[in-house]
Amino acid sequence: MEGWALLKGMGLGLAIAAPVGPIGLLCIRRSLTQGQLMGLVTGLGAATADGLYGCIAGFGLTAVADLLVSHALAMRLIGGLFLCYLGIGTLRADPASEATRVSSRGLWGAYASTLVLTLTNPATILSFIAIFAGLGLVGSSQSWAASTALIAGVFLGSALWWLCLSWGVTLFSQRLTPARLKWLNRLAGAAIFSFGVLAIGSTIRL
């Protein structure tokens, strides 16, 4: 039963991580400019956040979920401002001729920034709760061991996606010229900045 729960969790993790959003763009850009390891660590920050939100949904931690939802506007505003900052930085960045070396401090910074950025999106926890409830993955019949396997699967599935994405982008980067990298920087920066503006705009409308 735990094995089946693990597989279901991996499927959920892949499905949630795969759509291209601001985190995906960050992973792609960092993989191109700083190497596969930096891209992977960026994705692992998002995978950790997915695992935490999956834990809240899977174990029915309603008090934590209610706290996050009650501060949804502030979290969305912070996340939107951070995305705008990252977008501007990406727009202004010059393309690197080769992947730059990164220190352990740089890796931890990439991991932490992506973790915080993903956690500031309160819609994620609502998505997890809706998906878990809709698939009947939450309930009295769900054992602690099965729930734990499910959460582990969510993290592993998400991490697998980021591993494949960073690896694939690194292979593709060998065909990119500096001029194309410059345009990719501009497109990625504009897209990330747009995500930030949309997030801020949603808080104003609400």
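Values below: all heavy atoms of this structure, side chains included; hydrogens, waters and symmetry mates excluded.
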Please name the pair of heavy atoms, one in L52 and one in L115, separated by the smallest distance, quoted to 0.1 Å.
CD1-CD1, 4.4 Å
Are side-chain heavy atoms of P22 and L26 found at a separation under 4.5 Å?
no
What are the two closest non-hydrogen atoms of S166 and G39, and how far apart are they?
CB-C, 3.9 Å
Is there a side-chain contact between W167 and L40 (heavy atoms, below 4.5 Å)?
no
Which residues pass the side chain to side chain contact (heavy atoms under 4.5 Å, CB included) test with V197, not counting sequence neighbours?
C84, F193
In this structure, CD1 of I23 is separated from SG of C27 (nearest 0.5 Å) by 9.5 Å
Is any side-chain heavy atom of I200 closer than 4.5 Å to a side-chain heavy atom of L77?
yes
Listed by chain and number, what are the side-chain hydrogen bond (donor to acceptor under 3.5 Å, both in side chains) partners of T48, not counting sequence neighbours?
Y111
So how far is it from I28 CD1 to T42 OG1, rounded to the nearest 0.5 Å?
11.5 Å
Contacts table for residues 151-159: side-chain donor-acceptor under 3.5 angstrom, sequence neighbours left out:
{"residue": "S158", "atom": "OG", "partner": "D50", "partner atom": "OD2", "Å": "3.1"}
{"residue": "S158", "atom": "OG", "partner": "W162", "partner atom": "NE1", "Å": "3.2"}

Any residue meeting side chain to side chain contact (heavy atoms under 4.5 Å, CB included) with L7, in chain and number order, not counting sequence neighbours:
W4
For A110 and M38, work out which heavy atoms get closest and say how close.
CB-SD, 3.3 Å
CG (L165) and CD (Q36) are apart, to the nearest 0.5 Å, by 10.0 Å
Taken to the nearest 0.5 Å, the spacing of R29 CZ from L25 CG works out to 11.0 Å
Results of side chain to side chain contact (heavy atoms under 4.5 Å, CB included) for S194 - residues two or more places apart only
none
Side-chain heavy atoms nearer than 4.5 Å, only ILVMFWY residues, links allowed to pass through others: does that put Y53 and V116 together?
no
